[in-house]
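Convention: sequence-line order gives letters A, B, ...; per-chain numbering from 1. Computed over heavy atoms, backbone and side chain alike; hydrogens, waters and symmetry mates excluded.
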2 protein chains.
Amino acid sequence: MNLATDTRTRIIAAAKPRFHSRSYANVGIQEICESAGVQKGSFYHFFPSKRDLVLAVIDEFADDWANGFVAEAFDPALPPMERIDYLVDAAYFWQKSIKQVHGRMLGCIFGNLTLEVSTQDDILRAKLLAIFSRAKSRFKDTLEEAVAAGTIAPLDADRTAEAMLAYLEGVILLAKSQNDPEVIYRLGPAIKTLRIEASGG
Amino acid sequence: MNLATDTRTRIIAAAKPRFHSRSYANVGIQEICESAGVQKGSFYHFFPSKRDLVLAVIDEFADDWANGFVAEAFDPALPPMERIDYLVDAAYFWQKSIKQVHGRMLGCIFGNLTLEVSTQDDILRAKLLAIFSRAKSRFKDTLEEAVAAGTIAPLDADRTAEAMLAYLEGVILLAKSQNDPEVIYRLGPAIKTLRIEASGG
DNA sequence: CTTGCATTTTACCGAACGGTCAACTAGTAT
DNA sequence: ATACTAGTTGACCGTTCGGTAAAATGCAAG
């Protein structure tokens, strides 16, 4: 059972950087198996299909984030709006370090996959949507706390949270198009200028 | 020559909706040829490679936009900031009509392709980057005009333009993840709240 | 010692991939 | 009439795709 778990783990570990740096369609199962030192038959013992693999990969990336930068950024000890700054900074430094190692800016794997597969696979789309929903909730809670603390004027926290998430994804997209993480540094802080007013009371 | 031009045109016409609704890697040349009623050998008479086809497809989409909604939106007769509203509205209505016909929100082809291929093909990335650069310039000119007219307070027009473009792409990404163009309607107008202050005078 | 189960190996499937090639057709210019 | 050229055809290349099936292996419980 230890070995088995290890095989599954190795498959996911081999798949993660590949899906991140290329695309879903462009990474083959054979390549993943070779890199993980696993036979293809073994692969299909653990994953019914390629889609199930990418589902597991998405979960791992989400966990990495949740336990890493996101946990640091949304630290209740920080003043609410500083958490948002922290998150943007984290995205910047992460992309920058990836570029230093890999030579390219890889962007956000959730955004990448969303644009590639969400018209073709509703299960994948739903999974990605759930990730974005959680992210939005973090922003929303933070905004509500900031309003309660009087740090910012009252607003529609739900919509503004969604807008901020959109902006962050858009900034990373533009940065990827320039292969330059400095775009995040340049544009990221403006996330706090986004506002959607509360409607009707 | 008329017939030849027609073949090339038919190939591009067949390719456009496919690249838009699926992805670069997921659309094969064979499928495009079948849909266009063209033999594969004929395809390679007009396009040296698949990449050259998608380059031509990108150009056509860019022309469609430039001659369509963009020309309407950035009408000098409109007050500057209303042009930005117009563009967001245009994106909304376009995505909505695509969804009505196609059943799905397809998003922005430039954003889609950027996230899919820009780590794998620098020529495609450069082409996409050029498209984004032009879009940014439109925003920038508009912002400068608005500042000159006193409609908005002075700001860093270049960076704010880039931020607005990023936001628009991000909103479309999020809308695609929900397969719901209403996201654009909901979040789009907040584009005007984005501001990056001019640095150092 | 044996049964049973999880895991692994190996060979294989049909289909699709991007791209090539030589032969052929048709129109045009000399 | 002939030569040249743009366009078209259809067969073909080797490779890779996601996925399957059966046999072999290892291990643990009865």
Practice task
Let me know the distance between CZ of A:Arg8 and C1' of C:dT8, rounded to the nearest Å.
Solution key: 17 Å
Practice task
Apply ring pair (Phe, Tyr, Trp, His ring centres under 6.0 Å) to A:Phe61 and list each qualifying residue two or more places apart in sequence or on a separate chain.
Solution key: A:His20
Practice task
Measure the distance from CG on A:Asp52 to C1' on D:dG18 and round it to the nearest whole Å.
Solution key: 13 Å
Handout entry: A:His45 side chain near C:dT7 phosphate (N/O to OP1/OP2, under 4.0 Å)
Key = yes
Fill in the blank from the handout: Residues in residues 13-32 of chain B with a heavy atom under 4.0 Å of DNA chain D, by number, are none
Handout entry: Under the side chain to side chain contact (heavy atoms under 4.5 Å, CB included) test, residues paired with A:Lys192 that sit two or more places apart
Key = A:Met81, A:Ile84, A:Asp85
Fill in the blank from the handout: Across all chains, not counting sequence neighbours, the ring pair (Phe, Tyr, Trp, His ring centres under 6.0 Å) partners of A:Tyr92 are A:Tyr185
Handout entry: Distance test, side-chain N/O of A:Thr7 to OP1/OP2 of C:dT8, below 4.0 Å
Key = yes
Completion exercise
B:Glu60 meets the side chain to side chain donor-acceptor pair (under 3.5 Å) criterion, sequence neighbours left out, with B:Lys16
Completion exercise
As a check of understanding: the bend across the helix from C:dC1-D:dG30 to C:dT30-D:dA1, end axes from five pairs, rounded to 10 degrees, works out to 10°
Handout entry: Nearest-angstrom distance from the residue atom CZ of B:Phe46 to P of D:dT9
Key = 11 Å
Fill in the blank from the handout: side chain to side chain donor-acceptor pair (under 3.5 Å) filter on B:Asp122, not counting sequence neighbours, yields A:Arg104, B:Arg125
Exercise for the section: Side-chain contact test, heavy atoms from C-beta onward, threshold under 4.5 Å: evaluate it for B:Ser177 versus A:Leu128 and give yes or no. Expected result: no
Practice task
Taking side chain to side chain contact (heavy atoms under 4.5 Å, CB included) as the test, write out the residues that go with B:Val70, two or more places apart.
Solution key: B:Trp65, B:Phe74, B:Leu87, B:Arg138
Practice task
For A:Phe43, check ring pair (Phe, Tyr, Trp, His ring centres under 6.0 Å) against everything at least two apart and list the hits.
Solution key: A:Phe47
Problem - Sorted by number, the residues of residues 35-44 of chain A with heavy-atom contact under 4.0 Å to DNA chain D - result: A:Lys40, A:Gly41, A:Tyr44
Fill in the blank from the handout: B:Lys50 atom NZ is separated from D:dT15 atom P, nearest whole Å, by 20 Å
Handout entry: Pairing residues for B:Gln120 by the side chain to side chain donor-acceptor pair (under 3.5 Å) criterion, not counting sequence neighbours
Key = A:Asn26
Exercise for the section: Grab the CZ-C1' distance between A:Phe47 and C:dT7 for me, whole Å please. Expected result: 14 Å
Fill in the blank from the handout: Contacts of A:Thr151 meeting side chain to side chain donor-acceptor pair (under 3.5 Å) (sequence neighbours excluded), chain-then-number -> none
Practice task
Start with the C-alpha gap between B:Lys127 and B:Asp59, add the side-chain angles, then the distance that decides, and say whether salt bridge (charged side-chain N to carboxylate O under 4.0 Å, His left out) holds.
Solution key: CA-CA 9 Å; B:Lys127 167 67 92 175; B:Asp59 273 328; 2.9 Å; yes
